[in-house]
Chemist: 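Have a look at this one.
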Amino acid sequence: MSEKETLLDLLLASPQEFVSGEEISRRLSVSRTAVWKQINKLREAGYEFEAVPNKGYRIVNKPERIDTLTLLKTLKTNIAGKKLKVLETTVSTQEEAKALAEAGAPEGTLVVAEEQTGGKGRLGRKWFSPKGKGIWMSLVLRPKQPLHYMPQLTLLTGVAVCRAVRRTTGVMAGLKWPNDLLVDGRKICGILLESAAEDEYVRYCIAGIGISANLDPDDYPDELKSVATSLKIEAGHPVDRVQLIAAAMEEFETLYRLYQQEGFAPIASLWEALSVTLGKRVTVGAASGPVTGLALKLDPHGALVILTEDGRELPVFSGDVELRR
Ligand code: BTN
């Protein structure tokens, strides 16, 4: 652990209490001047301290930004997020993660940005990614699998994020096939999986996750106002983005391990339990044209099985789902 990390550990362990400069310099085995320098560095990074002569230092505020150090300390994973790049701004974390993957970045490498100027959604759409308001992140994966298994990983990612959202914020989001998180019919998160393959085998894949965490109603452009919402709007207070990223990585790692050991069946059950699509009449804009019917279940590949009006069970592999009344 670096001096800065040990210092933060010490102060965050008892945020109400003062820790004396003497105690800190003893624990860090550095001089009082070195302690003071580290405190100043943390101040520059957005931390706020109360410093009282003869009492010491007390942490009073952590930065609103997604702070690399705090995130690394909060992560309870072995690989997911442990190699971390936090950017102030980027065109798209997908592109950053792809470049890292091409350069050999290991599985679990995570890129997070405060802002994306060219955030990408599914089907060539744009993804609205304003500064400091959301969680815009991309995770590098290296599954040893043929390309046609990737839709299963999309669903797995959705389950992981949905569980993390529920656990850390109490907002009871549900999953809309294939990969949106909704609250009362409004979108709160989107997932975009992009893969690079060779001979039909995955070289790497990038799981892009966009969570509208702390957007206010006025932040949204008009065309999104009626279809999107944020965790802050739904919970009634801002959410801690670092805690949510850490929880999402933790859930992801647990499910990814389960998937590698037991295959897709347990993931499909978890997805079905969190789904807001199943049991509803839907129209899916499939490649062969729109299909309308009752959303029944996931098939073993992760396709959505639709019971059509003429009684056939039709698996749909990709497309947009419209929930009907
Ligand atoms: C969708 O619902 O259309 C998918 C949206 C995915 C958005 C995320 S934000 C982080 C990552 N970077 C991107 O440019 N897109 C994904």
Side-chain angles (χ1 to χ4, degrees), residues 66 71 80-81 84-102 105 108-141 150-151 153-162 164-165 173-183 185-196 204-215 219-221 223-224 226-231 239 241-242 244-245 248-249 252 271 274-277 284-285 304 318-323:
I66 297 168
L71 179 51
L84 178 65
K85 186 168 182 182
V86 179
L87 300 163
E88 203 46 33
T89 184
T90 183
V91 175
S92 159
T93 54
Q94 290 296 95
E95 302 312 316
E96 293 280 348
K98 265 184 226 169
L100 291 177
E102 287 290 352
T109 302
L110 180 69
V111 181
V112 186
E114 286 289 1
E115 173 192 47
Q116 298 185 118
T117 51
K120 296 195 300 180
R122 286 172 64 233
L123 311 169
R125 294 178 189 133
K126 290 194 176 120
W127 182 258
F128 181 56
S129 323
K131 192 170 201 128
K133 297 275 180 164
I135 294 175
W136 326 125
M137 63 181 178
S138 299
L139 182 64
V140 176
L141 300 171
M150 290 309 95
L153 268 188
T154 306
L155 297 166
L156 184 154
T157 308
V159 174
V161 178
C162 192
V165 162
L175 289 164
K176 178 183 157 199
W177 189 89
N179 53 8
D180 290 350
L181 261 72
L182 303 186
V183 179
R186 291 180 187 211
K187 186 154 165 172
I188 212 151
C189 164
I191 288 161
L192 172 69
L193 231 89
E194 296 181 296
S195 309
Y204 62 82
C205 114
I206 310 293
I209 302 168
I211 308 176
S212 302
N214 289 331
L215 281 86
D219 292 327
Y220 288 99
E223 68 273 20
L224 293 181
S226 63
V227 291
T229 185
S230 76
L231 292 169
V239 300
R241 292 182 297 160
V242 166
L244 183 48
I245 297 171
M249 290 301 107
F252 183 89
W271 189 93
L274 294 169
S275 158
V276 293
T277 307
V284 189
L304 180 67
S318 65
D320 262 349
V321 167
E322 199 187 316
L323 301 175

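Atoms within a ligand are numbered from 1 in the order they appear, just like the ligands themselves.
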Chemist: Parallel, tilted or perpendicular: which describes the rings of W127 and W136, with under 30° parallel and over 60° perpendicular?
Modeler: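 Correct class here is perpendicular.
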
Chemist: Partners of T117 by side chain to side chain donor-acceptor pair (under 3.5 Å), sequence neighbours excluded?
Modeler: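 For T117, no residue satisfies side chain to side chain donor-acceptor pair (under 3.5 Å) once neighbours in sequence are set aside.
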
Chemist: Taking S138 for its side chain and Q94 for its backbone only, find out whether a donor-acceptor pair lies under 3.5 Å.
Modeler: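 Checked: pair present.
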
Chemist: Of I211, L153, N179, which is the lone residue that meets side chain to side chain contact (heavy atoms under 4.5 Å, CB included) with I191?
Modeler: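 When side chain to side chain contact (heavy atoms under 4.5 Å, CB included) is applied between I191 and each of I211, L153, N179, only N179 qualifies.
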
Chemist: Between the side chain of N214 and the main-chain N/O of V239, is any donor-acceptor distance below 3.5 Å?
Modeler: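 Looks like yes, one N/O pair under 3.5 Å.
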
Chemist: Examine distances only and state if a side-chain atom of K187 and a backbone atom of D180 form a donor-acceptor pair shorter than 3.5 Å.
Modeler: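 No; judged by distance alone, with no hydrogens or angles, the pair does not exist.
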
Chemist: If you look at each N/O of ligand 1, which protein N/O atoms lie under 3.5 Å away, and at what distance?
Modeler:
from, atom 1, to, atom 2, distance (Å)
ligand 1, 2 (O), K187, NZ, 2.6
ligand 1, 3 (O), R122, N, 2.7
ligand 1, 12 (N), T93, OG1, 3.0
ligand 1, 12 (N), Q116, OE1, 2.8
ligand 1, 14 (O), S92, OG, 2.7
ligand 1, 14 (O), Q116, OE1, 3.4
ligand 1, 14 (O), K120, N, 2.7
ligand 1, 15 (N), K120, O, 2.7

